[in-house]
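Ligands are counted one by one from 1 in listed order, and the atoms in each one are counted from 1 as well.
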Amino acid sequence: MTFDLSIRDALVVDGSGQPPRITDVHIEGGRICLIGPGPSGRREIAARGRALAPGFVDVHAHDDAALLSTPGLEFKLRQGVTSVVIGNCGFSLSPLLAGAAEPPGNASLFPGFFERFLDLDAYRDAFVAAGPAVNAISLVGHNAIRSHVMGNDEREPSEAEIASMRGHLRRALEQGAAGFSTGLIYRPGRVATTAEIIEVARPLAEYQALFTTHMRSEGDRLLESVEETLRIADAVGCRAQISHHKAGGKRNWGKVKASLARIDSANRAGADVSLDVYPYIAGSGPMIEYFDPLKIDLSLAEIIQIASCPGRPAYDGRRLTEIAASEGLGLAELVQRILELPGAERTVAITFMMAEEDVETNLRHPRVMVGSDGLPNPEGRPHPRLYGTFPRVISEYGRKRGLFTLEAAVAKMSSLPCERFGLRDRGRIAVGQFADLLLFDPETIVDRATYAEPKQYPTGIDLVLVNGSIAVEGGRTTDVRAGRLLRFNK
Ligand SMILES: [Zn+2]
């Protein structure tokens with residue numbers, strides 16, 4: 001008897017949160033088939049001194065288009081990410097039709113990608129044809145559904161339109177979606193009432209699928225927004241996930257404590273709410289969605305760095321305050337000009353809005369997992385979270401600051417997300433689980449992406465397996481692309 005692959009003497013951090021132990025892991029037919037001593041494999045890997053963990057799951061990705069257009073997804077794979085959750089913040093590539101109405105945010109979330117799909121099965125066909133290097137599971141976005149059904153009109157839907165939106169959600173769930181996402185600060189979702197979200201989200205209960213939400217406010221009205229989320233989940237009878245939980249804006253710093261306390265008390269009373277966070281103090285998103293051109297918010301402009309500005313690439317990587325000073329412009333005037341440049345709908349901003357202490361409070365919480373929220377834009381200088389998130393949780397927040405043990409960090413990035421997003425046979429090193437794995441040096445693994453030089457891969461990760469196939473070896477990507485579009489399996 002011999003197996004496809006045997007990894008010897010690894011420090012196995014199995015995803016359960018239990019202390020690691022040194023042993024062998026054997027793989028056959030894409031799955032883990034034996035843990036412990038066994039016969040020589042057709043391929044042997046000596047792993048002494050390195051840790052073997054379940055592949056990381058990025059629960060908050062916007063890789064919907066990148067999976068099809070740049071299927072190597074090296075920026076994810078080289079962080080040890082083997083699965084991504086797409087369709088976040090209300091934005092998914094289905095249900096939509098190319099050339100028809102779609103959410104304005106799509107231009108910067110999916111830059112240079114113009115294919116659209118009528119349903120998740122149509123997206124699945126394109127996914128299979130592209131053959132990405134990592135697995136994905138999709139949410140279906142409220143912004144997408146709403147634009148598809150009623151255009152970008154800022155009005156209330158009719159009964160018939162509600163029923164049609166609900167039908168699209170049901171169809172996506174039938175086709176394997178993990179749940180329904182909202183982006184309630186973005187167009188057109190921000191005009192939706194709580195009642196509209198509840199009525200559209202109804203099918204989630206039947207499928208035991210997840211309601212995920214970029215809430216209506218992540219600053220001044222954070223606590224009210226948490227109440228809205230709890231109300232929606234309670235009315236629908238579903239589990240909820242609060243996306244990129246934060247308290248933005250100096251006057252709101254510290255509020256995450258009250259927000260988490262409220263969620264804890266709701267969970268004790270029978271709700272089922274979890275959250276995700278990225279390990280940085282800056283956020284990032286489409287600049288046109290942040291500003292009302294008639295009333296430029298200067299306190300926001302003061303904390304913005306341009307990630308990519310297609311109309312003026314010389315701005316990429318620079319703070320607005322610095323550009324304004326060097327061009328002799330007022331800040332409001334500069335923002336106004338940027339919003340009027342050709343291609344302004346694709347301009348992406350990085351916003352330094354959080355307190356480091358809040359990031360730590362979030363990461364420490366047992367119901368908080370990790371989502372990069374990375375915007376995979378080949379242009380400019382993207383937020384470093386795109387290249388650094390997962391190693392950074394281990395190196396900066398685990399090893400350096402001592403927020404948690406290695407095994408706790410790994411659980412947060414593997415088993416916890418798999419339980420929440422219905423990836424039943426992934427997220428742990430156990431017999432029968434798919435062999436999504438990474439091998440790394442726990443003493444040296446480190447993120448290298450910075451705000452100035454974001455496109456830098458982490459170091460310390462030697463080997464990444466996706467569905468039992470070697471996708472990264474000796475720290476470099478192979479040509480193997482073994483990712484699958486997964487189906488929700490609660
Ligand atoms: Zn979001």
Side-chain angles (χ1 to χ4, degrees), residues 58-66 84-93 102-111 138-147 178-192 197 210-222 225-226 228-229 232 240-249 252 256 259 273-291 300 304 307 345-354 358-359 362 368-377 382-386 389 417 420-421:
D58 186 350
V59 298
H60 198 95
H62 292 288
D63 296 326
D64 311 52
V84 297
V85 178
I86 55 172
N88 274 293
C89 301
F91 300 104
S92 52
L93 290 178
E102 64 175 318
N106 280 6
S108 59
L109 283 172
F110 311 126
S138 190
L139 302 160
V140 62
H142 171 251
N143 290 327
I145 292 180
R146 198 181 207 271
S147 292
F180 178 53
S181 75
T182 58
L184 298 175
I185 69 158
Y186 298 116
R187 291 173 288 165
R190 66 188 180 202
V191 304
I197 302 299
L210 199 56
F211 171 64
T212 77
T213 181
H214 179 150
M215 299 188 297
R216 220 176 276 278
S217 167
E218 299 184 309
D220 292 350
R221 296 183 60 78
L222 171 65
S225 298
V226 169
E228 181 182 30
T229 302
I232 293 166
Q241 170 93 2
I242 293 175
S243 300
H244 40 60
H245 182 235
K246 66 172 79 72
N252 298 306
V256 298
S259 174
V273 181
S274 52
L275 316 90
D276 54 75
V277 69
Y278 44 84
Y280 296 89
I281 57 161
S284 183
M287 186 145 157
I288 48 161
E289 297 287 295
Y290 290 165
F291 288 100
L300 183 58
I304 282 183
E345 69 283 356
R346 288 185 287 126
T347 296
V348 175
I350 295 171
T351 313
F352 292 86
M353 59 176 155
M354 286 169 257
D358 284 356
V359 175
N362 270 319
V368 172
M369 57 201 90
V370 177
S372 72
D373 203 6
L375 306 178
N377 190 340
H383 190 305
R385 64 193 184 182
L386 182 64
T389 292
R420 293 303 282 174
F421 286 84

The criterion is side chain to side chain contact (heavy atoms under 4.5 Å, CB included); which residues satisfy it with [X], sequence neighbours excluded?
X: L386; value: F75, P376, P382
X: V370; value: L363, T389, F390, V393, M413
X: P188; value: P103, N143, R146, S147, N152

Does I288 reach the side chain of T347, with side-chain heavy atoms less than 4.5 Å apart?
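They are not in side-chain contact.
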Just so I know, are the side chains of M215 and L222 near enough to count as touching, which here means a heavy-atom distance under 4.5 Å?
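Side-chain contact under 4.5 Å: yes.
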Closer than 2.8 Å to the Zn ion (ligand 1): how many protein N, O or S atoms are there?
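For the Zn ion (ligand 1), the figure is 3.
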Does R385 make a cation-pi contact with Y280 (under 6.0 Å, within 45 degrees of the axis)?
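Because its charged atom misses either the 6.0 Å distance or the 45° angle limit, R385 does not stack over Y280.
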